[in-house]
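Below: one structure, written as C-alpha cells.
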Amino acid sequence: MKNAIRVAAAGATLALAGMSLAACSGSSGGGTSGSGGGGDTGPITYVQGKDTSGVVVILADMWNKAHPKEKVTIKQQTDQADQQLQDLTQHFQQKLSDYDVVSTDVVWTAEFAAKQYLQPLTGPYKLDTSAFLPSVVKTGQYNGVQYAAPSSTDSQLLYYRKDLLGSTPVPKTLEELFGTCSIAKKAGIGCYAGQYAKYEGLTVNFNEAITSAGGTVVDAKGKPTLNTPEAQKGLQLIVDNFKNGNIPKAAVTYQEAQGLNAFETGKLLYLTNWPYMVGDIKSNAQAAGIRSKYAIAPYPGKSAVGGHNLAISAFSKHKKTALKFIQFMESPATEKILIDKATLAPVRSSQYTDPSLTKAYPYLTTLKASLDNAEARPITPYYNGVTSAIQNNVFQALQSASNGGSPDVKKVLDSTAQAITAASQGG
Amino acid sequence: MTAVAAPPRSQPPKLAGRESAEANRRRITRIAWMLLAPTIIAMLIVVAYPIAVSIFQSLFTDSSGIDPKTGLFTKGGFVGVQNYLNWLLQQCQIGGKSQACPAGSPQAGFWNSVFVTFLFAVVTVALETVIGIWMAFIMNRDFRGRGILRAAVLVPWAIPTAVTAKLWYFIFDPSGVLNTVLHTQILWTSDLWASRWAIIIADTWKTTPFMALLILAGLQLIPEETYEAARMDGASKIQTFFRITVPLLKPALVVAILFRTLDALRMYDLPAILTGGGGGGGQGTTTLSILVVQQIKQSNDSASALSTITFILIFAVAFIFIRLLGANITGNAEKQRKAVAKEA
C-alpha cells in the first residue's frame with residue numbers, strides 16, 4: 001500500500017514536471033504543415049493582437065469560403081503591445097512554422113527583418129505597393145527591402161475648439177499654434193497638449209517635434225542625426241512652451257487617455273491625438289459640453305505614422321498562401337470592411353477620395369492631409385533601445401521645463417544621440 | 001544543581017540493540033529521502049534549472065552588431081563577465097570600446113535602481129512594522145466586533161497588487177481624489193519625491209495588514225501571566241512594552257520583517273503600473289526588477305546578468321539578516337537534535 005502511494009506521488013510529480021517543461025518549450029504543436037495544396041500553399045495561421053471589433057473573424061470566414069484548401073486560422077494575442085511582441089519573438093526564436101502571417105506594429109519591422117524572421121517581399125513574393133500611401137509603405141521597409149505590407153494606418157490629428165478660436169485661422173504649424181495661446185489664457189484653460197508621459201507616446205511626440213521643424217532623429221543607417229539646428233529648434237519649442245505654461249504642467253503625465261479627458265472636459269484649446277478620439281467624443285458623456293464646439297484639422301506639422309503591417313514569417317511552410325492572404329487583407333474590399341467595422345484607417349490612397357467612404361467618415365479627408373505629411377518613427381533594428389533612450393532623456397528635459405527649469409536643449413539632444421548610439425550596439 | 005544529585009548513568013544498550021537502532025535510523029532516513037525526492041526533483045526543475053540557464057546565458061551576447069552591408073544581425077558569442085561589468089561599472093560598449101554609458105542607457109541607471117530599490121525596502125518595511133505593531137495591538141484586544149475588524153484589516157492584503165496599483169493610480173491622478181481633497185496640484189506620478197511617496201504610501205497600505213497579522217500571531221504567543229507579573233511588580237506600560245512585549249515578540253517580528261524586506265527588494269508590479277518606473281527624470285521609481293524587464297526588451301543576455309545581480313543582492317540581504325538578527329526560519333532541528341543527544 002505504502003509503496004503504491006509512493007509510486008503514485010512520484011508519478012504525479014513527474015507528470016507535473018513534464019507539463020512545465022512542455023509549457024516552457026512553447027506551443028510547438030498544432031502543426032499547419034503537410035496536408036493541403038502542395039508546394040508552398042496550404043492552411044495558414046494569421047496572428048494579430050486582440051480584435052475587439054470582431055472584424056477579423058468575418059474576414060477569415062470570407063477567405064475560408066473562397067479558399068477551402070488554404071483555410072486560415074486566426075490567433076489573437078492580448079491587446080498589450082509588449083505581450084504581442086514577446087509572443088512573436090518567442091515563436092520566431094524557436095523557428096516555429098505555426099505562424100504564417102503576422103501583424104506587426106510598424107516599429108517592429110526593422111528588428112524582425114534584421115533577425116531574419118520575415119520573408120522579404122521580393123522575387124516570387126513580390127508585392128505591388130504602388131497603390132498605397134508612400135509614408136505608410138516606408139514603415140514596412142528595412143535596408144531598402146520591403147519586408148512588410150501596410151494593413152492599417154494611423155496618424156495624429158489636431159483637435160481644436162472652434163468656438164474659442166473664432167475667426168482666427170486654424171494653425172498649420174506648431175509655432176503658429178503656440179502664437180494663438182493668448183486665446184486659451186483668456187478662456188482660463190490650457191493651450192496645447194500631446195502625449196508626454198514616459199512611454200511610447202513620448203517618442204511619437206518627440207519625433208513629431210523634430211521632423212516638424214525639418215530635422216530627423218536617425219538617418220537611413222540608424223545613426224542619430226540630432227546634432228542639427230532643426231532638431232534643436234524642434235525640441236526647444238516644446239521645452240519653451242512647457243516652461244511658459246502654454247502646455248499645462250500636468251501634461252508630463254498625459255498618455256492618450258489623459259489628454260482626451262482634459263480636452264473632453266473643456267480644459268484644453270488644442271490637443272493632438274489619434275483619430276479614435278472622434279468616435280469617443282461622439283459617444284462619451286463627459287464630452288457633451290464640447291461636442292458641438294470642436295473641430296479637427298491635419299496635424300500642424302509632420303505627424304508620426306502608427307498602424308500595423310502584415311508580414312510573412314520566414315519559417316512559414318505555406319508562403320504562397322500567406323502572400324495571397326495578405327493581398328486579400330489589403331484589397332480595396334477588405335479595407336472598406338476594416339474601416340466600417342473597426343474604424344481602421346485604409347492604406348490605399350484611392351480610398352481617401354472614395355465618396356462613399358468620405359461621406360460616411362468625413363475625418364478621412366483630414367487624416368489623408370496628415371498622412372501625406374507624416375514621417376515614420378526611427379526605423380532601426382534596435383527600436384526598443386532607441387525608444388527608451390529617447391524617452392529617458394527627453395522626459396527629463398520636459399519634466400524640468402514643466403517645473404520652470406531651463407534644460408539645455410543641445411545637451412539633451414547630444415545625450416539622446418549618445419544613448420541611441422549605445423543602444424544600437426546591442427549591449 | 002549539585003554534583004551529588006547526579007543519577008547513575010544507565011548502562012549503554014546492548015550492541016545488537018544499538019545496531020538495530022542504527023539500521024532503523026538509516027531506514028527512516030532512506031524513506032525520508034524517497035518521500036522528499038519528488039519535491040526535490042520538482043524544485044530542481046522549476047528553481048535550479050532556470051537560475052542555471054539564466055547565469056549561463058548572462059555570459060553570452062545576443063549579437064555583436066549589424067552587418068553594414070546586409071543590415072542583418074551578426075552572431076554574438078561568449079563574452080565572459082562583460083555583461084556584469086557593464087552593469088556594475090555603468091559602462092557601455094560603443095564602437096568596440098568600453099566607456100561610461102550616456103544618460104538614458106539602461107546601464108547608466110543601475111546604481112540609481114539599487115538606491116531606489118533599497119530606499120523603498122527600508123522605508124516601507126519601517127512604516128509597515130510600526131503601523132503593523134499598532135494594528136496588531138488593537139486586533140489583540142478583546143472587544144465586540146473584533147472579528148469584523150480583523151477581516152476588514154485584511155482587505156487591502158487580499159486585493160491583487162495590480163488592482164491596488166490601478167486604484168491608487170486613479171487616486172494619485174493630477175485631477176484625482178487626493179489632489180481634490182488636499183486642494184493641491186501635486187503631480188503624484190511624475191514628480192521625483194511625490195512619485196516615490198506615492199509608491200511608499202500604496203505599498204504600505206497594501207502590505208501593513210500582512211505585517212499586522214504576523215505580529216498578531218506573535219503577540220498571541222505571549223502568555224497573559226507575564227503581563228500580570230509585570231503589573232504586580234509595578235512596571236509601567238512603557239516598561240512592559242520594551243521589557244516584555246518586544247523581546248518575546250522578537251522571533252515573530254524578525255521573521256515578518258525578513259519576509260517583507262525580501263518581498264520589497266523585488267518590488268515590480270506596484271511601480272510598474274503606478275508610475276511605469278518614472279518620476280523625476282524618468283527613473284525616479286525604477287526598481288531593479290523594473291530595470292530587468294525593461295532590459296529584456298533590448299537584450300536577453302544583459303538582462304540575465306542583471307537579474308543574476310539582483311538575485312545575489314537579495315540573497316546577500318537575506319543572509320546578513322539571518323546572521324545578524326538570528327531570524328529563525330530554517331528551524332532549529334540541528335539544535336534540537338543536539339539537545340536531545342545531550343540528554344540521552
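Quick caveat, the model's predicted, so the values are computed rather than measured. Sequence lines set the chain letters: A, B, ... in the order given, protein chains first and strands last, and positions in each chain run from 1. Only this structure's heavy atoms are used, side chains among them; waters, hydrogens and symmetry mates stay out.
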To the closest 0.5 Å, what do you measure between CG (B/L192) and CD (A/Q399)?
8.0 Å

In this structure, CD of B/Q283 is separated from NZ of A/K198 (nearest 0.5 Å) by 5.5 Å

Residues B/P102 and A/S415: closest non-hydrogen pair is CB-O, 4.2 Å

Shortest non-hydrogen contact between A/K249 and B/L187, atoms and distance
O-CD1, 3.6 Å

Relative to chain B, which segment of A/Q258 carries a heavy atom at a distance below 4.5 Å: side chain, backbone, both, or neither?
side chain

Looking at every non-hydrogen atom in both residues, tell me the closest pair between B/Q298 and A/G385 and how far apart they are.
CD-CA, 3.2 Å

Enclosure of A/K138 NZ (heavy-atom neighbours >12, cutoff 6.0 Å):
no

Pair A/N384, B/Q295 - check side-chain contact (heavy atoms from CB on, under 4.5 Å), show working.
CA-CA 9 Å; A/N384 278 310; B/Q295 182 61 24; over 6 Å; no

Side chain, backbone, both or neither: which part of B/C101 has an atom under 4.5 Å from a heavy atom of chain A?
neither

In short, B/P174 meets A/A250 closest at the heavy-atom pair CB-CB, 4.2 Å

Looking only at B/A103, B/P50, B/G109, B/S175, most heavy-atom pairs under 4.5 Å shared with chain A are made by B/A103

Segment of A/D82 engaging chain B (4.5 angstrom heavy-atom cut-off)
side chain

CZ on B/F73 to CD on A/E111, rounded to 0.5 Å
6.0 Å

Is A/N392 close to B/Q294 at the side-chain level, that is, under 4.5 Å between some pair of heavy atoms?
no

Check whether B/D191 gets within reach of chain A through its side chain, its backbone, both or neither, counting any heavy atom under 4.5 Å.
both

Nearest atoms (heavy-atom pairs only) where A/T253 meets B/S190
CG2-CB, 3.5 Å

A/Y142, part contacting chain B, at a heavy-atom distance under 4.5 Å
side chain

Greatest number of heavy atom pairs closer than 4.5 Å to chain B - which of A/N261, A/N143, A/V252:
A/N143

Counting only heavy atoms not in B/F60, do more than 12 fall under 6.0 Å of its CZ?
yes

Given that the side chain runs from C-beta out, which part of A/A417 has a heavy atom under 4.5 Å from chain B: side chain, backbone, both or neither?
neither

Check whether A/D414 gets within reach of chain B through its side chain, its backbone, both or neither, counting any heavy atom under 4.5 Å.
neither

So what's closer than 4.5 Å to chain A heavy atoms on B/N179: side chain, backbone, both or neither?
neither

